[in-house]
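Note that these values count all heavy atoms, side chains included, but never hydrogens, waters or copies made by symmetry. Everything numeric in this text was worked out from a predicted model, so none of it was measured. As the structure lists them, so they are numbered: ligands from 1, and atoms in each ligand from 1.
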Amino acid sequence: MLKKNYQFWFCTGSQDLYGDECLSHVAEHSQKIVEELNASGNLPFEVVWKPTLITNELIRKTFNEANMDENCAGVITWCHTFSPAKSWILGLQEFRKPLLHLHTQFNREIPYDTIDMDFMNENQAAHGDREFGHIFSRLKVERKVIVGYWADEKIQKQIGSWMRTAIGIVESSHVRVMRIADNMRNVAVTEGDKVEAQIKFGWEVDAYPVNEIAEAVAAVSQEDINALVEEYYDKYEILLEGRDEKEFRKHVAVQAGIEIGFERFLEEKNYQAIVTHFGDLGALRQLPGLAIQRLMEKGYGFGAEGDWKTAAMVRIMKIMTQGMKDAKGTSFMEDYTYNLVPGKEGILQAHMLEVCPTIAEGPISIKCQPLSMGDREDPARLVFTSKTGPAIATSLIDLGDRFRLIINDVNCKKVEKPMPKLPVATAFWTPEPDLQTGAQAWILAGGAHHTAFSYDLTAEQMGDWAAAMGIEAVYIDKDTTIRQFKNELLWNSMAFSK
Ligand code: MN
């Protein structure tokens, strides 16, 4: 998914007040930190050491070089000694990439037996980083602050987690969404201002006539289709459920043609996300089901019924999790139906067809079933149940004067019994803090029925992403109470009003 070999620059702040010897120690220490961070295995991207920043000119030059370097996804700063923060003003004002202020110190423990004033002057991040932090607040520059000892695994993992947020921030402006259908008639929450989305997030959201992509599907050779159908039959269980085997295979082959044709069309036109609509399929013979599920698995964003905001969010969240060890998956999702039995409350998640198989646990099967909506052939789709454990569900909505990202911590569970008659992939979760409060807060916030869902990202990462985009984020989690949440919405409406 990522076409660039992203790196993060490590810039250490200091000044020349304490002489060259002190500065050589500063450089030595920060180089050692960078080496050990890279060797730790806890960071998903490489850190690149940069010469110590001590003057206004060098700071400004370094930040502008970081802006221009397309492999640089962000800068990590730390003031080993004291670095007068006025020197940073121009550089920070001109800097446009994610910034992490790592508030750390080279030594872990105070060297009680040997400490003297030279040591104090050389190791004064506790004091220098406060001066440094002040200027960000004064300039209202968005940044992440991580506090702790740099060699601790916990801190390294926090840096790694921020790196993924930073990738979501820098990659947001490379997201291009292909709309081959408009928003579903009369539906409000999936609508939005595409110009404002491009201004805020950098997304390009373009429409194509559905029959242009249908032509790309029709152009796929029978040979290519057969090969992909073979791959499906190898990889997935086939659930005929009484259907004729030949007829079943033909239905599956239609999805194989859609997968290949769509992917070629998206690649050729450089789009990383797509929206469809069951009511606007042109010459396509089936609603893209299995095909869209496979494209999502490959990293494409997707939103159904013309939902381009969710499609872009799914793409961004997939990019943020790329290469993650033991990733559990990220998908487009929809709140479908409740279980309201006391003690077993939860929401059954699904869609007509389009749930990403990265979230699957256990066998994945192909089924062909009629759709109650639309007027096409029975589409083939992948059916499975999903993993358990904590995850997040997010919804980006357009409130007319601003965007709001709603982030809900959820706990995914297995349903009590199999659902043999349900021909779609599912997940089941209980929102934090409980179904009643979680759903109440979600509805008060105006969250959609469609979500971008991930086991592999945290509310903190998505909230930091939203902050970098300059939009409102609200969290629904274990600490949410309705009284507090309503106040938060009210206060935010003041803070974000223009
Ligand atoms: Mn839907």
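Between F63 and W9, a ring centre-to-centre spacing not shorter than 6.0 Å is recorded.
Between M320 and T165 the shortest side-chain heavy-atom distance falls below 4.5 Å.
The N, O or S atom of H351 with the smallest distance to the Mn ion (ligand 1) is NE2. Checked against the Mn ion (ligand 1), the N, O or S atom of E305 at the shortest distance is OE1.
Geometry note: the Mn ion (ligand 1) is the vertex, E334 OE1 and H450 NE2 are the arms, and the angle is 80° (rounded to 10 degrees).
Without hydrogens or angle criteria, Y336 side chain to H351 main chain gives no donor-acceptor distance under 3.5 Å.
Of the residues listed (K250, R249, R243), the one engaging E247 in a salt bridge (Lys or Arg N to Asp or Glu O under 4.0 Å) is R243, and it is the only one.
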